[in-house]
Structure formats: C-alpha cells, structure tokens
Amino acid sequence: MTWALFVILAVPLVAVLVSVAAGWRAARLATLVAGLVSFGLAIALALAVRHGSSLQAAGGWLRLDSLGAVFLGTTGLLYATGAVFSVGYLQADERQADFPRFARRYFGLLNLFGWSMLLVPLASDFGTLWVAVELTTIVSALLVAIDRTDAALEASWKYILIASSGLGIALLAIIILYATGTHALGSSYVPRFARFFAHGSGLSRDAVRLSFVLAVVGFGTKVGLAPTHTWLPDAHSEAPAPVSAMLSGALLASAFYAILRFFQVAVTAGQRSFAEHVLIVFGVLSLVVASLFVLRQRNYKRLLAYSSIEHMGVIALGVGFGAPLAVAGALLHVITHASAKGLAFFGAGSLLRGYDSKEVEDVTDAARVMPWTGPMFLAAVLALCGLPLSGVFRSEFQIVAGGFAAPQYVGVTLLLVFVNLAFFGVLWHAGRMVLWPSREGTVVAGETAAADGTAAADGTAAAGGARGRGEQSAWMIGAMLACLFVVVALGLHLPGPLSTLLAHATHLLSSPPR
C-alpha cells in the first residue's frame, strides 16, 4: 500500500491542474473524482495500518500510522462530501457573467486545500508538519475571501494575522524541541517523530514542557482553542458553506493532530501529567467561552462556529483526562464531530441559498419550506448536542466515562455543565429556524426564485421570517445524506476495523513506539 501514499497526494494536485488549465465543467468533474478517490484511498490506508503497523514512502519523508489514519480518513470524508456539495452550491451562480472564472478559481483552491490537509497526517517530521499546517492557512484564507465582499476580506485578513502569529509560536516550539534534541541526536538531524520517541528520556524536561505549551498555544490558534479562537467565527461565517464544513471538520482537527505529536514527545519524556493538565485547562476555557457565546448568536453560521470551539474543547479534555477510554473517545469524536459539523454547515449553506440570509430570525418554517434540508439541519444540531444514538453521543459518553475512571471529577463536571449550556443555546436557535411557523406568508417549497437569484420584492427578510425558495439542488441533499449516514451509523454501531484503529491510535498516545 506504499504506492497509495503517493497517489492520495497526487490526485488532488491533478485536479488543481485541471481546474487551472481546463473549463469550469472539467474542473467540477475533476474535483468530484479527486474528492471521492481521496476518500477511498484514505479508507484503504486506514485499513492497512489499523493493527498498529505503519507505512513509509519517499525515503521516510511520508509516513502513516494508526493515529495519522484517523485524521486522514476524517479529511477524506469532508473533502469528498464538500466536493459533492459544491456542485449544487455553485449552481445558483451559474448565470453570472464571471461564473466560469470564479468556478475554476474555487475548485482549484478547494482541491489545493484538500491536498494540504491530506499532507498533514502524512508528514513524518515536525518541520514538514509545520509547513503543511501553514499551507492549509494560506489556501483556506484565500477560500474565505473568495466572494470578495468587505466582510469576507476582513475575516480572511483577521484569520491570516492571528493564525500566522500562532504558527510563529508553534515554529518556536519546534525550534526549542530541536535544540534540546541535539544532546541525544547530534547537532544536525531531521526532526522525525520516531527519533524523538526513541530518545525521549534524554530530552530536557523543562524544554519539553516549554515546547508543549508553545505548541498548544501556537497550533491551538488553528484549532480554535480559547483564548486564541477569535478568527474562527468570522472565517466560518464568511466562507462558502463547503469550505466552512472543511474548516470546522478537517482543518481544526488537523491542527490538533500536530498538538498530539508534541503530546507523544511529552509522554516519552516523562511529562504526561503536565501535558494532560495543559490540555484540560485549554479545553475547559474553550468550553466556557463557546457555551456563553452560543447563547447570544443571531447568525447561524457563527453559531456553528462557536459549536466547533466547544467540540475542540471536548476533544482536548478527552485526551487530557488520560484514561484510555477517554482518549479513544476523543479520537472517535474527531470523526463524529467532522461528520455532524459537515452536515450542519451543508445544511446552513442550503438554508442560505433558500432564504438569502444568515440571520436566525430570518429563517422560519424550514421543515416545510425545505423538507430535506430543514430536518437534516435539525438532526445535525441534535447530533452535535449529543443526542443518544448519534455518533457524537457515543464519543462524548466514552470521554465522560473515561473521565470518571481517571478520575477527573472536576473536569467531567465542568464538561457536563457547559456542554449542556451550549446544548440549550444551539437547540433553541435551530428549533426556531426549522420548526417555528412564519408570521408572514412563506413561499412553499419548490417555488422558484426571481431570475436574479434574490427573493421576490415582497419576500425580503423581515422580523417575522424570510420567504424560502425550497430545495436548490439534489447534489446538496446527497452530500447531506452521506454525512447523516455516518452520524447515525457510528451511533448505532462502531465497525470492528474502526474500533481496532482507534485502539491502536490510543495506544500510540499512551506509549509511543521507541
């Protein structure tokens, strides 16, 4: 399967070249093929390493183990469903004069974004890992600003400034780790993960502690951990819906993966307890901030953005609790959150196309006006809130059970309190959008919009609710159904191969190979 490491990186790049050199229809087809093929290869690679083995290629520069496979599969899922959703999402703009150029630029950047995120879990050393994460920042910032509105440009600029500052701190963490490794590895070496794991006992404890804190602060900026989260609500709100889904479900997780590699070094250096406490502090802080801001949101895409901060806090707590059950739950939460948040942002994008508004108060009666999108958006929100029988419930239950087993009673109590606070906030807003009837006449599902893509003159957003236009594309519904299937399937049954993969990934975080 070594060849698959090359192919999974080559396919998105081929799609980028097609997007640049060919017409927009060819770019659309290439994106669909690249997304689906990448997801299939990610699953195949995960199956190949699920028993604890690893794959290497390019002279050791590319490497995949069970921990990386969890994040590779997650990225593949969002890349594939995002490509499918994008086909329908862009259909509303096809009548615009500059659409062919816009579509080629969009699909080219989307494939480049997918490629950069696929590279992150395949990196075998801290240097390549940092470069890959930085590439995700550059490409995703261009996607955030692709609509070229004032709000989108401002959000993109804010994202670049904050994320780049954070990654500068992360680079300092790598430099410190590299410097302390010179005593055991020589004055010049490639900072491969395996080398640090093998010589962890010879590293300076103070240097390892400092580098880990800097890594959590630096990469945590990309993860969206409070208090360095301030770019995230703006970027998620202004980016196109498929990009928002990939940002929330895959990009944040990819940055957290970088933190986990530093965590492994801390474990081998005998600093596991310190690293766990750091993650608990940042996890609790993120939960507190996210749950309080969720209650006062009026923009439903910003609402989902703060939900992402909350769930990154949950993952940090799961790893911080330290018990194998909690760590396995945190890794499973990476997958379940990605599928549920992908469904939620796809639903938000479909609602935006149907109602021409991002405001909660402008969307009402969505269950009737958009009979596919409305219920699936509500299902996504219920899943994100930890509804029993959803995948998120399973992963959160494991984290809580593991926290009690640790025991980490204070951390578990705080998790339960603020997760439930966020639950009421998110569900209240989503329930209003989907279930409340409009106080003004609502256009029935299937009614066509005005030729220019805007609502009819008497259907502008008002205090009583906006006039919806019904479902916009079967492609969008198909992408949402795919995510919904994963959300429900993982809640009802955890496949044996996935369970094996998670078990070995958990073992790597507990006892990195030497």
Peer 1: Looking at V487 and S339, what are the two nearest heavy atoms and their distance?
Peer 2: CG2-OG, 3.5 Å

Peer 1: Residues in ring-ring contact (aromatic ring centres under 6.0 Å, His included) with F346, at least two apart?
Peer 2: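 F346 satisfies ring-ring contact (aromatic ring centres under 6.0 Å, His included) with F85 only.
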
Peer 1: Do the non-hydrogen side-chain atoms of L287 and L414 ever get within less than 4.5 Å of each other?
Peer 2: no

Peer 1: Please list, chain by chain and in numerical order, all residues satisfying ring-ring contact (aromatic ring centres under 6.0 Å, His included) with F345, sequence neighbours excluded.
Peer 2: H236

Peer 1: Salt bridge or not between E238 and K158? Use side-chain N to carboxylate O under 4.0 Å.
Peer 2: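 No.
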
Peer 1: F321: which residues meet the ring-ring contact (aromatic ring centres under 6.0 Å, His included) condition with it, sequence neighbours left out?
Peer 2: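 Partners of F321 under the ring-ring contact (aromatic ring centres under 6.0 Å, His included) test: none.
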
Peer 1: Below 4.0 angstrom, N of the basic side chain to O of the carboxylate: do D234 and R302 qualify?
Peer 2: yes

Peer 1: Might you work through the side chain to side chain donor-acceptor pair (under 3.5 Å) test for S395 and H333, ending with a clear yes or no?
Peer 2: CA-CA 5 Å; S395 56; H333 200 74; 2.7 Å; yes

Peer 1: Going by side chain to side chain donor-acceptor pair (under 3.5 Å), name the pairs with one or both residues in residues 408-435, residues two or more places apart or in two chains.
Peer 2: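 Found none.
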
Peer 1: By the ring pair (Phe, Tyr, Trp, His ring centres under 6.0 Å) test, which pairs, at least two apart or in different chains, include something from residues 241-269?
Peer 2: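 Sorted pair list: F71-Y257, F126-F262.
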
Peer 1: Find out whether W61 and D125 are in side-chain contact, i.e. whether some heavy atom of one side chain is under 4.5 Å from a heavy atom of the other.
Peer 2: yes

Peer 1: Measure across L494 and R394 and return the closest heavy-atom pair with its distance rounded to 0.1 Å.
Peer 2: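 Reported closest heavy-atom pair: N-NH2, 3.8 Å.
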
Peer 1: Applying the side chain to side chain contact (heavy atoms under 4.5 Å, CB included) criterion to L252, which one of V334, I309, L232, I315 satisfies it?
Peer 2: L232

Peer 1: Going from CZ on F377 to CG on L304, what distance comes out if it is rounded to the nearest 0.5 angstrom?
Peer 2: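 One gets 5.0 Å once the value is rounded to the nearest 0.5 Å.
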
Peer 1: For Y300, give me all partners under ring-ring contact (aromatic ring centres under 6.0 Å, His included), at least two apart in sequence or on another chain.
Peer 2: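 Testing Y300 for ring-ring contact (aromatic ring centres under 6.0 Å, His included), a comparison that skips the adjacent residues, returns none.
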
